[in-house]
Novice: 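Starting off with a structure, shown below.
These numbers come from the heavy atoms of this one structure, side chains and all, not from hydrogens, waters or symmetry mates.
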Amino acid sequence: MCRASVLAATSYRRRWKCRTQRLALWSVGLLALLSSTTACSGAPAPPPAAEVAALQWDSVLSMARGTTVAWRMWRGDPSINAYVDRWVAPRLRDRYGITLNAFPGQGPEIINELVVEREAGVSGSADLVWINGETFSNLRAEGLLGGPWAHRLPNAVLVDSASPVISRDFEQDPAGYESPWGRVQFALIYDTVRTPEPPRTFAELADWIRAHPGRFTHDQQFTGMTFLKMLMYARAGGVEAFQGGFDEARYRAGSARVWEWLDEARSSFWRGGEAYPPGVADLHRLFANREVDFSMSNNHNEVVTKVRQGILPPTARALLLRDGTIANSHYLGIPYNAPNPAGAMVVADFLLSPEAQLEKLRPEVWADGTVLDVERLPPRWRRRFAAAEADPRSLPRDSLARYARPEVAPRYHERLSEDWRARVRRGP
Amino acid sequence: MRRSWKGLAAAGVVAAPVGVGVVYAAAAAVGLVGVSRPDGASGQRVARVLAEPAVWESTLWSLWVASASTILAGAAALGTAAVFRGPGRLDRSARSAAVLPLPIPHLVAGVLGLLILGQSGLLGRAAYALRLVQAPADVPALVYDGWGVGLILTLAWKEFAFLVLVAWSALAERGAALEEAARTLGASPGQTFRRVTAPVLLRAMLPAGVAVFTFILGSFEVAALLGPSDPLPLPVLTLERYTDADLGRRSDAFVLALLGIGLAALAVGGHEWARSRWPDLEG
Amino acid sequence: MTTGGLVVGGLEIGFGDAPGLRAISFSVARAERVAVVGASGSGKTTLLRAVAGLVPIHRGTVVVGSRDVTRLPPELRGAVYLHQSPVLFPHLTVGENVAFALRLRRVPERETLKRVQELLTAVGLPDFAPRAPRSLSGGQRHRVALARAVAAAPEVLLLDEPLSALDPTLRDEVRVALLGLQAEYSPALLLVTHDLDEAALMADRIAVLLNGTLAQVAPPAELFQRPDSLAVARFLGMRNEIPGRVRSGRFECALGSFPVPAGISAAGELVGIIPVDAVDVVPSPSGSARVLGVIHRVQGTSVLVSRNGVELEARAAASSTPKAGETVDLRIYPERLILLPAIA
Amino acid sequence: MRSRLRLLMAGVVILSAALPFAVLAVGSVAGEWRWPALVPSAIEGDAWTATLAGGTRLGPALLYSLALGLATGVLGTCVALPVGRAIAELHGWRRHLGAGMVFLPVAAPPIALGTGLQLTSLSVGLGGTFQGVLLAHLIPTTGYLSLFFVGILSVWDRRAEDEARTLGANPRQVLTRVTLPMLRPSIAAAAALGFLISWGQVPLTLLVGRGRVPTLPLEVFGYVQSGQERFAAAGALLLALPPLLALGAARLAARDVDVVPV
């Protein structure tokens with residue numbers, strides 16, 4: 001009887017249910033409405049970057065006025081964010097009437113996004129992307145970058161184009177599809193108190209690691225892989241041996257020497273080489289907390305900002321290995337589907353201005369190396385740049401230049417990461 | 001049976017997005033859509049990814065972490081619920097405190113895990129202050145460790161609050177009457193707990209336990225922050241493949257996504273099957 | 001048939017696949033009180049819910065007032081249904097609960113408040129309007145629910161076991177309130193109960209629901225004195241069944257031969273029922289019956305006796321209760337004899 | 001002995017609940033705080049001053065997350081209530097099938113769901129938008145809240161609704177005057193749960209929002225990944241506090257309801 005009455009009673013509630021279902025329908029409808037407002041806001045296709053680049057700069061400036069530039073960039077460092085949001089953005093607004101909208105995303109995410117946008121056939125959502133190396137190569141290979149445009153920027157003449165580190169991005173010619181923004185060089189980070197006599201070469205480092213088991217490691221991402229790549233240069237004939245594009249045989253020979261070195265050293269790594277910090281920030285934390293005695297950075301000046309932020313101890317210093325350390329530049333690209341290439345070009349040009357480059361170089365701001373040929377600047381600017389680099393923790397420019405090694409084809413980097421994940425990270 | 005059709009249709013609406021995701025992932029996994037589109041569909045990618053030992057190690061490892069944290073959190077919840085159920089001040093304070101982590105996002109738990117459980121974290125520093133250790137290396141590795149101890153502890157801490165709440169409401173509902181019956185039938189307090197309280201609680205906690213298990217199995221943030229580099233927790237491996245610079249490997253992620261959803265579906269299906277087999281488990 | 005009230009005709013309701021109630025026809029006049037009695041699970045509640053429109057019916061009609069409401073939803077039927085423990089809306093105060101139906105009908109607020117006060121006074125809770133339902137005792141909640149039901153001015157009031165869930169001490173409180181309200185507002189009252197005493201106490205007529213049909217509908221006195229069938233008699237708890245036959249105006253059975261009471265026309269093989277209070281035991285050392293045991297009840301003490309192989313329950317005089325094993329004589333009042341056809 | 005053990009256990013429970021918040025609070029203002037220091041040797045308030053002055057994105061992200069959480073809670077409840085009711089009215093295997101179906105979006109790993117839905121969301125114009133992320137958050141939320149309402153409504157006492165019907169209320173009136181008011185505590189709890197699911201969500205926001213929907217957890221995740229512990233701790237505290245306040249408020253409200261039903 002009970003069951004029957006329950007069943008029966010429910011049928012009389014059908015109308016009740018209709019009401020609640022209507023409530024649900026309303027909600028779904030509201031959502032659909034919300035979605036359609038975005039889905040239907042398709043504007044006419046913007047002009048591609050190459051077309052805009054062909055215009056007079058004044059026309060580019062007037063096209064850019066009053067627009068918003070969406071800039072996809074790495075947003076993980078408050079110093080960089082502050083530079084972009086609080087120094088760059090207001091100046092862009094005041095001088096060019098451009099609203100800068102920076103949002104997070106790096107390397108693979110940018111590729112992923114553009115690939116996905118192309119697959120979905122929707123208009124682009126980024127005007128400017130912060131890229132280099134393998135990201136640039138992948139984007140170029142997939143035809144996801146607009147251009148050429150970089151050589152049309154008024155400030156492009158100031159760029160230190162004689163430097164191979166700037167004129168070549170991982171052996172590739174930027175070809176006007178990206179504009180240089182900053183220049184950095186790999187450095188080990190050590191503590192002058194804990195390790196007053198740090199190793200200066202890979203050979204010395206290996207000895208040091210064996211003598212101090214558990215005190216060294218590298219991260220699993222870009223920085224750690226750069227470290228391995230330098231190791232490959234050092235043990236297999238220098239950077240010259242790997243120039244001229246990717247070659248499987250040379251890679252095999254070179255990487256074999258890397259695995260050899262690692263097989264010998266890694267049992268003396270932190271945690272016996274069985275675990276690696278996920279990212280370089282985690283490595284910094286291990287270093288600061290004395291779990292390991294070395295950290296590393298792709299930016300020789302990072303130690304300056306990180307000490308200032310209190311993340312690294314005040315006695316931390318950068319160190320260049322005499323086998324040579326990789327120097328590279330980072331660039332700004334404009335996606336093929338960027339809605340506002342004119343605005344993006346104006347931003348890229350402003351970021352190349354001596355003013356913006358100097359501000360970025362200052363240790364209390366970011367300490368990111370300049371891509372300008374400082375010697376060609378007026379003396380007033382030369383003095384300012386010299387003063388900015390005079391921080392006691394900074395490495396002298398001549399030793400940076402002496403040990404700088406260029407990047408080679410991005411494929412080496414990719415293969416090394418892939419094989420490291422499969423061979424080393426997964427254990428012997 | 002119009003009514004049941006409606007009920008199932010309503011459930012279908014809620015489940016539909018998963019279906020959309022599964023269909024897209026399946027199409028991408030066999031190459032019908034996606035970047036590295038080969039000529040037509042092919043199961044090669046699925047076969048290659050599923051043949052990777054790393055994938056299965058990640059899967060097993062994630063299953064281990066999910067089981068261990070669920071059991072740990074469940075056992076702690078069971079004990080706490082049984083001990084602090086009275087009306088006293090201590091009981092009430094313990095109850096209020098125990099549910100505090102309930103609304104805390106996983107991410108915050110992960111941040112805390114890093115700050116507290118790392119070898120140079122606060123736990124290690126406390127050990128140093130007590131002169132138990134000399135250096136971070138002497139502290140047992142709880143973060144990035146092969147057994148995922150820190151990860152398990154963090155997740156168990158987070159989910160404990162949820163399970164203890166479930167346990168308390170089950171006890172409040174019918175615990176006392178059953179226990180009184182057991183006591184008058186001659187059971188000692190210990191026997192009462194073992195034979196009456198614990199089984200009643202366990203059955204009430206089964207659905208919550210399954211939910212916790214599947215949450216943890218799929219949870220990303222804590223695993224990404226505290227998990228080891230080998231094997232990578234399954235969700236972390238999925239994202240690593242999805243954002244691989246090599247566009248060809250990007251679609252591997254879809255195979256892993258299907259694997260993850262499949263495991264979740266298995267857990268859910270098993271749970272509903274168990275509940276239909278033993279309806280009294282519904283409490 | 002009077003206008004108003006409730007008329008149920010040929011009602012059939014299925015329980016799942018099997019028909020549960022069939023051929024249910026009865027009426028309750030305005031101001032009349034009818035109690036449906038039946039065993040647990042006999043479908044009493046379903047019958048009530050069907051009248052209220054909460055359970056669909058297979059066949060039959062329900063007329064409330066003079067409207068056929070068979071196809072109408074519950075809210076349009078003019079029949080208020082109260083559960084065994086009536087549910088007060090927990091989110092409303094006592095006054096708001098009583099005002100519920102009035103507010104639905106947009107009765108002017110002043111009038112609503114006046115009416116609420118009247119009804120609360122009528123159930124003896126004049127100061128309870130601002131109280132929360134949870135602060136009320138069980139009997140008070142019942143009374144508020146009754147007031148709330150009457151506020152809807154129903155033609156028919158449907159009560160499911162109205163007193164069963166209450167302590168004996170509270171039953172009078174609620175019953176008085178109920179009868180008072182009914183006297184004043186005169187709805188037709190249909191209640192179901194498994195308690196015969198409650199039915200007899202509250203109802204003008206009692207309907208006996210057996211095996212899915214109404215076996216008998218009659219005023220309590222008539223029902224108890226003249227059950228229509230052996231099934232009804234057994235349901236009413238009548239004991240002392242003796243098989244026998246009627247021959248030339250006399251009922252002959254193992255206990256002897258008795259004149260058929262006046263007004264009963266019966267013949268052939270029958271079952272006779274001698275109500276317990278129609279047999280007296282008289283202590284007698286040489287009596288024809290032997291005492292098997294003594295049964296004490298609130299209503300009085302009775303004695304289980306055996307005579308000629310027939311076991312009977314008989315009334316004992318309070319002054320001299322015989323003991324087991326003693327012999328007694330039986331004095332039977334044949335005018336109280338009930339004669340019913342045997343169940344095939 | 002027994003009471004001492006209880007005291008110890010209570011201490012552990014209370015400490016394990018309270019200590020983490022203390023750690024976050026200290027961490028958010030810790031200047032130099034390195035092994036083996038138990039407490040920071042210097043105080044550095046930049047995470048908070050920068051946040052208050054608008055120098056970090058934590059403030060705007062907090063507002064963004066609040067809006068997203070509230071919308072998810074409200075819409076999720078509106079959808080889940082009728083779905084939960086429909087499933088609660090099923091019986092036998094259909095019931096288990098229905099419950100399993102709504103359980104699936106809850107159980108499916110968000111990363112897996114996100115990878116599968118990223119392109120779909122983009123092609124319908126929802127990728128990287130507030131609405132898209134809202135819809136993404138609604139996936140696990142409606143599942144979870146449907147289960148929640150299945151649980152509530154399976155033991156739901158329908159007598160009040162029946163009596164309201166016979167007292168003259170039509171289905172809409174029963175819904176608005178009886179059912180919804182009676183379910184109000186559950187509805188509030190459901191909205192709060194929905195808020196929480198959205199509030200802590202990382203993978204779905206990451207994949208469907210494509211970094212363009214700056215929620216608080218994403219900002220915190222970014223700070224954690226870049227080793228900015230002070231900012232991460234400040235953000236984590238911002239992330240932990242509103243739900244805690246909500247929990248406290250819910251408890252207070254529940255206590256109110258016990259005394260003065262409305």
Side-chain angles (χ1 to χ4, degrees), chain C residues 16 45 48-49 51-55 64 69 72-94 96-107 130-136 144-160, chain D residues 77-78 81 85-86 88-95 149 151-192 249-262:
Chain C
T45 297
L48 222 53
R49 293 175 64 87
V51 171
L54 296 168
V55 166
V64 171
V69 300
L72 293 183
E75 67 269 21
L76 300 178
R77 292 192 166 204
V80 174
Y81 172 73
L82 285 183
H83 286 93
Q84 181 171 0
S85 322
V87 190
L88 296 186
F89 303 128
H91 55 291
L92 303 177
T93 63
V94 165
E96 286 164 349
N97 262 282
V98 177
F100 185 81
L102 301 169
R103 297 224 161 114
L104 290 178
R105 293 174 195 169
R106 305 188 189 284
V107 172
R131 296 270 293 265
R134 82 188 63 203
S135 67
L136 267 52
V144 174
L146 286 169
R148 182 179 71 182
V150 170
E155 299 266 2
V156 180
L157 201 50
L158 304 163
L159 305 180
D160 193 351
Chain D
T77 307
C78 289
L81 177 58
R85 179 128 186 170
E89 282 171 1
L90 297 178
H91 295 272
W93 65 267
R94 291 185 188 86
R95 168 75 167 277
F149 280 117
I152 301 262
L153 295 172
S154 298
V155 294
W156 177 242
D157 184 355
R158 300 207 150 113
R159 291 178 306 163
E161 293 175 355
D162 282 349
E163 293 197 6
R165 281 300 291 277
T166 69
L167 284 168
N170 62 32
R172 188 180 55 80
Q173 290 169 321
V174 170
L175 177 66
T176 56
R177 293 177 182 236
V178 178
T179 314
L180 292 182
M182 281 178 73
L183 277 173
R184 216 175 72 165
S186 304
I187 288 172
R251 299 208 126 196
L252 278 182
R255 201 171 300 160
D256 277 353
V257 167
D258 273 335
V259 184
V260 198
V262 266

Novice: Are there residues of residues 150-159 of chain C that reach to under 4.5 Å of chain D by heavy atoms, and which ones?
Specialist: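 Listed by number: C:Ala152.
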Novice: Which bit of C:Ser135 is near chain D, if near means a heavy-atom gap under 4.5 Å: side chain, backbone, both or neither?
Specialist: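 The answer is neither part of C:Ser135.
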Novice: Under 3.5 Å, is there a donor-acceptor pair between the side chain of D:Arg159 and the main chain of C:Ser85?
Specialist: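 Indeed, once roles are kept as given, a pair shorter than 3.5 Å links the two residues.
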Novice: For C:Arg103, what residues pass the salt bridge (charged side-chain N to carboxylate O under 4.0 Å, His left out) criterion, not counting sequence neighbours?
Specialist: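 C:Arg103 satisfies salt bridge (charged side-chain N to carboxylate O under 4.0 Å, His left out) with C:Glu109 once adjacent residues are dropped.
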Novice: Report yes or no: does D:Glu163 contribute a side-chain atom to a donor-acceptor pair with the main-chain N or O of C:Pro86 at less than 3.5 Å?
Specialist: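 Judged by distance alone, no pair lies under 3.5 Å.
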Novice: Quick check for you: to the nearest 0.5 Å, what is the distance between D:Leu167 atom CG and C:Leu82 atom CG?
Specialist: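 Between atom CG of D:Leu167 and atom CG of C:Leu82 there are 7.5 Å.
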Novice: Would you mind checking which part of C:Tyr81 comes under 4.5 Å of any heavy atom in chain D, side chain (CB onward), backbone (N, CA, C, O), both or neither?
Specialist: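 Both backbone and side chain of C:Tyr81 come within 4.5 Å of chain D.
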Novice: Indicate the atoms forming the closest heavy-atom contact of C:Glu75 with D:Pro171, along with that distance.
Specialist: OE2-CD, 3.4 Å
Novice: Kindly compute the distance separating CZ (C:Arg77) from CZ (D:Arg165), expressed to the nearest 0.5 Å.
Specialist: 10.0 Å
Novice: Can you list everything that forms a side chain to side chain contact (heavy atoms under 4.5 Å, CB included) with D:Ser186? Sequence neighbours excluded, please.
Specialist: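 Only D:Phe148, D:Phe149, D:Ile152, D:Leu183 meet the side chain to side chain contact (heavy atoms under 4.5 Å, CB included) criterion with D:Ser186.
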Novice: Do C:Phe89 and D:Arg177 make a side-chain contact, defined as non-hydrogen atoms from C-beta onward lying under 4.5 Å apart?
Specialist: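 No, every pair of side-chain atoms sits at 4.5 Å or beyond.
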Novice: Provide the closest heavy-atom pair for D:Ala160 versus C:Val87 in the form atom of the first, atom of the second, distance.
Specialist: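 Minimum heavy-atom separation between D:Ala160 and C:Val87: CB-CG1, 3.8 Å.
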Novice: Look at the side chain of C:His91 and the backbone N and O of D:Leu180, then say whether any donor-acceptor pair between them is shorter than 3.5 Å.
Specialist: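 Looks like no, no N/O pair under 3.5 Å.
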Novice: Nearest heavy-atom pair of D:Thr166 and C:Val80: which atoms, and what distance?
Specialist: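 Result for this residue pair: O-CG2, 3.6 Å.
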Novice: Please identify each residue that fulfils side chain to side chain donor-acceptor pair (under 3.5 Å) with C:Asn97, with sequence neighbours left out.
Specialist: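 Result, side chain to side chain donor-acceptor pair (under 3.5 Å) vs C:Asn97: C:Arg148.
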